[in-house]
Amino acid sequence: MGRWSLFSLIVVLGLVADQASKLYIHGSMSLHQSIPVLDGLFNITYLRNKGAAFSFLANASWRIPFFITVTLVAAVVILVVLRKLRVDQRLAQVALAMIFSGAIGNLIDRIRLGEVIDFLDVYWKSYHWPAFNVADSLICVGVALVAFDMLQEERRQLRQGH
């Protein structure tokens with residue numbers, strides 16, 4: 001499978017999973033409703049986030065144009081980097097596709113709703129991690145994979161004496 005085919009497949013699968021899960025939550029739950037999944041660890045809780053991670057900029061009047069601009073710039077950067085990767089850098093290709101998909105998934109929410117639907121609620125006793133969604137998960141896992149790939153690439157270059 002070629003670089004662009006793999007990228008497109010991951011992006012489409014990620015977007016479908018993200019948007020389908022958000023539509024399901026929105027259609028089947030009321031805002032702030034919570035369904036326990038693993039008592040003491042994990043709930044499905046329907047929330048809306050006007051900001052970015054940890055509600056960053058949630059109350060800024062200029063947040064929507066800012067987030068749209070940042071997302072579009074990041075998308076272009078990802079496409080440029082993807083184009084420059086070697087064919088054998090599959091992990092980096094997968095990681096960039098995941099980040100791209102997550103970014104576009106949240107962008108769709110921001111354009112459509114002015115905020116992002118979050119519903120994955122991880123917690124321990126009374127300490128809750130900020131709720132997140134499939135798009136956020138794709139971005140986080142993608143970033144971790146990029147970091148891992150960079151370490152692997154550095155080791156490869158050291159072995160080759162570069």
Side-chain angles (χ1 to χ4, degrees), residues 1-26 37-38 41-45 47 49-58 63-113 115-124 128-162:
M1 181 177 284
R3 166 192 341 234
W4 295 105
S5 297
L6 178 63
F7 181 84
S8 299
L9 177 65
I10 292 168
V11 168
V12 168
L13 290 175
L15 281 171
V16 167
D18 177 63
Q19 291 299 298
S21 62
K22 290 172 180 174
L23 287 170
Y24 178 77
I25 294 298
H26 177 71
V37 177
L38 293 172
L41 292 174
F42 178 65
N43 293 334
I44 301 294
T45 304
L47 300 170
N49 182 359
K50 292 182 179 184
F54 307 103
S55 295
F56 177 67
L57 298 178
R63 74 184 188 284
I64 303 261
F66 174 77
F67 289 137
I68 290 171
T69 302
V70 168
T71 302
L72 293 176
V73 168
V76 168
V77 168
I78 287 169
L79 294 174
V80 168
V81 170
L82 180 71
R83 189 168 172 253
K84 293 182 179 190
L85 290 176
R86 293 185 322 272
V87 174
D88 66 325
Q89 290 181 283
R90 288 284 199 208
L91 184 59
Q93 294 167 25
V94 168
L96 291 176
M98 291 174 77
I99 296 167
F100 187 92
S101 183
I104 299 303
N106 281 338
L107 176 64
I108 291 168
D109 280 16
R110 290 186 200 290
I111 291 170
R112 192 170 65 89
L113 306 169
E115 55 195 3
V116 173
I117 293 174
D118 287 328
F119 57 90
L120 301 171
D121 178 20
V122 176
Y123 64 100
W124 176 256
H128 286 253
W129 185 258
F132 56 100
N133 57 44
V134 173
D136 299 333
S137 300
L138 287 164
I139 292 167
C140 289
V141 171
V143 168
L145 291 175
V146 165
F148 180 74
D149 182 71
M150 289 172 69
L151 290 171
Q152 294 297 99
E153 186 64 21
E154 186 176 317
R155 287 182 185 151
R156 186 190 68 76
Q157 288 181 4
L158 287 172
R159 281 192 304 267
Q160 292 180 347
H162 290 104

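Computed from heavy atoms alone, side chains included, the values below leave out hydrogens, waters and symmetry copies.
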Exercise. Is any side-chain heavy atom of Lys22 less than 4.5 Å from a side-chain heavy atom of Val116?
Worked result: yes
Exercise. By ring pair (Phe, Tyr, Trp, His ring centres under 6.0 Å), which residues pair with Tyr123, not counting sequence neighbours?
Worked result: His128
For this session: Taking all non-hydrogen atoms of both residues into account, name the closest pair between Leu15 and Gly105 and its distance.
Result: CD2-N, 3.5 Å
For this session: Tell me yes or no: between the side chains of Asn49 and Asp109, is some donor less than 3.5 Å from an acceptor?
Result: no
Exercise. Can you find a heavy atom in the side chain of Ile10 that is under 4.5 Å from one in the side chain of Phe100?
Worked result: no
For this session: Please say whether more than 12 non-hydrogen atoms of neighbouring residues, nucleotides or ligands are located less than 6.0 Å from CD in Gln152.
Result: yes
For this session: Could you tell me whether Phe42 atom CZ has more than 12 heavy atoms of other residues or ligands within 6.0 Å of it?
Result: yes
Exercise. Do Phe67 and Asn106 have side-chain heavy atoms sitting under 4.5 Å apart?
Worked result: no
For this session: Specify the closest pair of heavy atoms between Val37 and Asn43, including all atoms of both residues, with the distance to one decimal.
Result: N-OD1, 3.9 Å
Exercise. Is any side-chain heavy atom of Leu107 closer than 4.5 Å to a side-chain heavy atom of Leu72?
Worked result: yes
Seminar exercise, completed: CG of Leu96 to OG of Ser101, rounded to nearest 0.5 Å, is 12.5 Å
For this session: Flag the pair Glu153 / Arg86 as yes when at least one side-chain heavy-atom distance between them is below 4.5 Å, and no otherwise.
Result: yes
